[in-house]
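Some notes on the structure that comes next.
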Amino acid sequence: KCMGCIFILIAGCGFGISNSFLLKKQLEQLISFQDTLYLLEGEMKYFKRPLPEAFAIVAQEKKEPYGKVFDRIANGLLECKYAFGSEVWRKVFFEYKKEFICTEEEFSLFLKTGFFLDAKERETQEKELSFYETQIRRIIEKRQGELKEKQKIGMYGSILTGAFLIILLL
């Protein structure tokens, strides 16, 4: 019985720790997305690169999952199969949805960000991209504020659940 109790507590701690790492990974992916958009904006605004080329350069600089996503978007924009760039963006993001650790709200924002591609003028595209960067920054700030609290709650909740199971088994 004693060994079983120990295993239950270890499992509870393990679950709490894995949940904590998942929350941290989610925040890291949001920050990486924001950085990716900053790079894209820089390529567009300062280097005046065409969109497919800007996406390809950003794809080379970023790690997974955004590197693959932006490379696919660059290829999709070059193929010109779609009437709007946002269609390419949405299609690619849905293909890679499983690789993102995010809430529905965050994924919805990822998808909405692609609408900057539909603007006809370069200046409008840059302004829209900047607008979405601001929204992502707000979500990041919110997640950073919640992170420690959620990690504590997850850890304590897992340990208490393990303790409750031990009490039930005794």
Side-chain angles (χ1 to χ4, degrees), residues 16-155:
I17 291 169
S18 71
N19 192 27
S20 176
F21 281 122
L22 192 66
L23 289 170
K24 189 174 180 186
K25 180 83 171 165
Q26 178 185 12
L27 180 61
E28 288 171 358
Q29 276 193 357
L30 280 171
I31 293 169
S32 180
F33 185 62
Q34 182 186 35
D35 292 343
T36 305
L37 293 181
Y38 284 144
L39 284 172
L40 182 63
E41 184 181 24
E43 293 294 329
M44 291 169 56
K45 187 182 275 187
Y46 302 112
F47 295 106
K48 306 288 186 208
R49 298 192 200 279
L51 283 173
E53 186 180 336
F55 273 99
I57 289 171
V58 170
Q60 291 173 357
E61 292 183 26
K62 290 306 285 184
K63 61 181 182 177
E64 305 301 329
Y66 301 111
K68 285 193 299 189
V69 169
F70 274 52
D71 187 51
R72 291 280 316 231
I73 292 171
N75 292 333
L77 291 173
L78 285 172
E79 291 173 1
C80 300
K81 287 184 180 177
Y82 301 95
F84 298 105
S86 64
E87 292 177 31
V88 175
W89 181 281
R90 291 178 68 81
K91 178 181 173 276
V92 172
F93 266 86
F94 271 116
E95 285 177 18
Y96 288 93
K97 184 177 182 176
K98 291 179 182 171
E99 294 188 32
F100 299 113
I101 303 169
C102 60
T103 64
E104 285 300 317
E105 172 194 13
E106 293 163 357
F107 190 72
S108 174
L109 183 58
F110 290 174
L111 296 178
K112 287 178 189 175
T113 303
F115 285 117
F116 85 93
L117 293 169
D118 295 341
K120 301 294 181 210
E121 297 174 3
R122 186 65 161 228
E123 187 177 311
T124 307
Q125 288 176 338
E126 292 168 3
K127 286 180 181 177
E128 285 188 34
L129 188 57
S130 180
F131 169 75
Y132 289 114
E133 288 170 356
T134 303
Q135 286 188 327
I136 291 167
R137 185 176 353 101
R138 287 185 187 137
I139 289 178
I140 289 171
E141 289 169 358
K142 180 181 168 188
R143 296 293 182 256
Q144 285 174 330
E146 297 172 341
L147 182 66
K148 292 292 183 194
E149 190 67 29
K150 282 186 175 183
Q151 285 177 329
K152 271 190 216 176
I153 290 171
M155 186 62 95

Can you give the donor-acceptor pairs under 3.5 Å from side chains of residues 118-125 to other protein atoms, not counting sequence neighbours?
unit_1, atom_1, unit_2, atom_2, d
Asp118, OD1, Gly85, N, 3.3
Asp118, OD1, Ser86, N, 3.1
Asp118, OD1, Ser86, OG, 3.1
Asp118, OD2, Ser86, OG, 2.6
Arg122, NH1, Arg49, O, 3.2
Arg122, NH2, Met44, O, 3.2
Arg122, NH2, Arg49, O, 2.2
Glu123, OE2, Lys127, NZ, 3.3
Gln125, NE2, Ala119, O, 3.1

Identify all side-chain donor-acceptor contacts of residues 130-142 below 3.5 Å with residues at least two apart in sequence or on another chain.
unit_1, atom_1, unit_2, atom_2, d
Tyr132, OH, Lys112, O, 3.3
Thr134, OG1, Ser130, O, 3.0

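Under the ring pair (Phe, Tyr, Trp, His ring centres under 6.0 Å) criterion, Phe21 pairs with no residue at all, not counting sequence neighbours. Applying the salt bridge (Lys or Arg N to Asp or Glu O under 4.0 Å) rule to Glu106 yields the partners Arg143; only residues at least two apart in sequence or on another chain are considered. By the side-chain hydrogen bond (donor to acceptor under 3.5 Å, both in side chains) test, Arg72 pairs with Glu95, sequence neighbours left out. Here Glu61 pairs with nothing under the side-chain hydrogen bond (donor to acceptor under 3.5 Å, both in side chains) rule; sequence neighbours left out. With sequence neighbours excluded, the residues satisfying side chain to side chain contact (heavy atoms under 4.5 Å, CB included) with Ser32 are Thr36, Lys62, Tyr66. The side chain to side chain contact (heavy atoms under 4.5 Å, CB included) check on Gln60 picks up nothing, with sequence neighbours excluded. Under the salt bridge (Lys or Arg N to Asp or Glu O under 4.0 Å) criterion, Glu104 pairs with Lys97, sequence neighbours left out. With sequence neighbours excluded, no residue satisfies salt bridge (Lys or Arg N to Asp or Glu O under 4.0 Å) with Glu28. Shown here are the salt bridge (Lys or Arg N to Asp or Glu O under 4.0 Å) partners of Lys45, two or more places apart in sequence or in another chain: Glu41.
With Phe110 as reference, Phe100 is the one residue of Phe100, Trp89, Phe115, Phe94 to meet the ring pair (Phe, Tyr, Trp, His ring centres under 6.0 Å) rule.
In this structure, CG in Leu30 is found 12.0 Å from NZ in Lys25, a value given to the nearest 0.5 Å.
Sequence neighbours left out, the pairs with a member in residues 40-61 that pass ring pair (Phe, Tyr, Trp, His ring centres under 6.0 Å) are Phe55-Phe70.
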